[in-house]
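Reading through the structure tokens given below for one structure.
Note that these values count all heavy atoms, side chains included, but never hydrogens, waters or copies made by symmetry. Quantities reported herein were computed from a predicted structural model and do not represent experimental measurements.
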Amino acid sequence: MNFVIRVKRAAGPGAPAFWQEFAYEGDESESVAAALRELNARAPLTDLNGREAPPIRWECGCACGKCGACAMRVNGLPMLACKAFLGSLGRTVTLEPLSKFPLVADLVVDRGVIFEQLKKIHLWLSGKAVMHEKTHELRFQSARCLMCGCCLEICPNFRAGGDFAGALAAVGAYRIFNQESDAAHRAEAAKQYVRRYYSGCGTSLACRDICPAGIPVDELISRSNAAAVWRRRS
């Protein structure tokens, strides 16, 4: 089956963006990641107009939906290129970089802001981890977060450089609130969480269905909110 892969390109930060289209012949069961790999394997790579093009810059780690590196906008929605299959996307597939993060080049963005926000909320263990059997399943679900940024891309309240940390932080906070044995550190994490997540969430829940890992985002948000507010008041 013949597809057109339409890519928004830019040589780097501040460089002018432009669209470039490539012909791709493949099966409906193939992923966007597979298409990008095949395109970049061409020597030379030429677009629909026959013009030679530099390889498309994009990121990929595991190619099986476990690392989150290949997150991008596919037909306008954030998703993983390795889990976006051509048969469900139409004959023209439009690829863009995530818009909420600084551009590196083409489909590559700098998601360092994610980790800076996690540090600001103190989302790490300071004391010995305490394991409660009743929280095991949700702690496991929380740990499945890929840090891909899809939930932040779709969130109307998140912007890089802002104070609001987004659903990704709420998902990670669940483990800290339920595993941290250091009471002082747990209290500080709750304080920062209220400031950087709870106070800024508009409850649009756009993050709920976009998670490529299928994490129960809304339940983790609800439980993290309850834990943080209770600890602030206690």
Side-chain angles (χ1 to χ4, degrees), residues 61-62 64-85 88 97-101 109 111-125 131-160 162-180 186 189-232:
C62 66
C64 62
K66 300 297 183 183
C67 72
C70 64
M72 61 184 69
R73 292 177 70 96
V74 180
N75 289 355
L77 291 176
M79 59 184 73
L80 303 184
C82 65
K83 296 185 74 173
F85 298 100
S88 63
L98 297 177
S99 65
K100 295 289 186 77
F101 304 94
V109 296
R111 287 174 290 183
V113 63
I114 290 175
F115 305 101
E116 291 304 315
Q117 288 286 12
L118 297 184
K119 287 192 288 185
K120 289 176 181 177
I121 307 178
H122 295 227
L123 294 188
W124 65 83
L125 284 176
M131 304 294 186
H132 299 289
E133 185 176 351
K134 67 179 181 179
T135 65
H136 173 77
E137 176 58 27
L138 279 179
R139 283 187 287 109
F140 169 73
Q141 294 297 333
S142 170
R144 293 177 57 233
C145 177
L146 305 176
M147 307 286 183
C148 64
C150 286
C151 62
L152 306 183
E153 176 71 13
I154 204 74
C155 177
N157 300 101
F158 176 83
R159 62 179 180 84
D163 285 336
F164 181 64
L168 182 149
V171 167
Y174 181 83
R175 296 198 310 282
I176 300 304
F177 294 154
N178 287 280
Q179 290 183 199
E180 178 59 78
R186 192 170 58 236
K191 175 183 175 181
Q192 294 300 327
Y193 176 88
V194 169
R195 174 187 171 189
R196 298 182 181 277
Y197 179 80
Y198 183 81
S199 297
C201 179
T203 63
S204 68
L205 293 181
C207 54
R208 178 170 52 192
D209 299 320
I210 206 70
C211 176
I215 294 170
V217 175
D218 51 346
E219 182 174 3
L220 286 164
I221 288 173
S222 176
R223 292 181 180 270
S224 291
N225 286 351
V229 172
W230 179 79
R231 293 188 188 284
R232 288 294 311 278

Residue set satisfying side chain to side chain contact (heavy atoms under 4.5 Å, CB included) with Leu77, at least two apart, ordered chain then number -> Met79, Ile154
Residues passing the salt bridge (Lys or Arg N to Asp or Glu O under 4.0 Å) test with Glu180, sequence neighbours excluded, are none
Note to self: Side chains of Arg139 and Thr135: any donor to acceptor distance under 3.5 Å?
What the structure shows: yes
Sequence neighbours excluded and cut-off under 3.5 Å, please list the side-chain donor-acceptor pairs for residues 215-222, or say none.
| unit_1 | atom_1 | unit_2 | atom_2 | d |
| --- | --- | --- | --- | --- |
| Glu219 | OE2 | Arg223 | NE | 3.2 |
| Glu219 | OE2 | Arg223 | NH2 | 3.4 |

Counting C-beta onward and ignoring hydrogens, is there a side-chain heavy-atom pair between Arg73 and Leu98 closer than 4.5 Å? yes
Between the SG atom in Cys211 and the CG atom in Leu146, the distance rounded to the nearest 0.5 Å is 6.5 Å
Closest non-hydrogen contact found for His122 with Ala189 is O-CB, 4.0 Å
The complete set of side chain to side chain donor-acceptor pair (under 3.5 Å) pairs with one or both residues in residues 165-174, sequence neighbours excluded, reads none
Sorted by chain and residue number, the side-chain hydrogen bond (donor to acceptor under 3.5 Å, both in side chains) partners of Ser142 (sequence neighbours excluded) come out as Arg175
By side chain to side chain contact (heavy atoms under 4.5 Å, CB included), Lys100 pairs with (sequence neighbours left out) Glu153, Phe158
When rounded to the nearest 0.5 Å, the distance separating CZ of Arg111 from CG of Leu168 is 10.5 Å
Hits for side chain to side chain contact (heavy atoms under 4.5 Å, CB included) against Asp209, two or more places apart or cross-chain, chain-then-number order -> none
Interatomic distance, SG@Cys64 vs CG@Leu80, rounded to 0.5 Å, equals 10.5 Å
Nearest heavy-atom approach of Gly202 to Asn157 is N-OD1, 3.4 Å
The side-chain hydrogen bond (donor to acceptor under 3.5 Å, both in side chains) partners of Lys119 (sequence neighbours excluded) come to Glu116
Value for CD1 (Ile114) from SG (Cys148), rounded to nearest 0.5 Å, stands at 7.5 Å
In short, Leu123 meets Gly172 closest at the heavy-atom pair CD1-C, 4.2 Å
Heavy-atom nearest pair, Gly65 first then Cys82, reads N-SG, 3.2 Å
query = Is there a donor-acceptor pair under 3.5 Å between the side chain of Arg186 and the backbone N or O of Ile176?
reply = no
Hits for side-chain hydrogen bond (donor to acceptor under 3.5 Å, both in side chains) against Glu137, two or more places apart or cross-chain, chain-then-number order -> Gln141
Heavy atoms of Phe177 and Ser224 approach each other most closely as CE1-O, 3.6 Å
For Ile121 and Ala165, the nearest pair of non-hydrogen atoms, with its separation, is CD1-CB, 3.7 Å
- prompt: Does the side chain of Pro156 reach to within under 4.5 Å of the side chain of Ser204, using non-hydrogen atoms?
  reply: yes
Rounded to the nearest 0.5 angstrom, the CG-CZ distance for Leu118 and Arg196 is 11.5 Å
With sequence neighbours left out, the residues meeting ring pair (Phe, Tyr, Trp, His ring centres under 6.0 Å) with Tyr197 are Phe164, Tyr193
- Should Met131 and His136 count as side-chain neighbours, where that means a heavy-atom distance under 4.5 Å? no
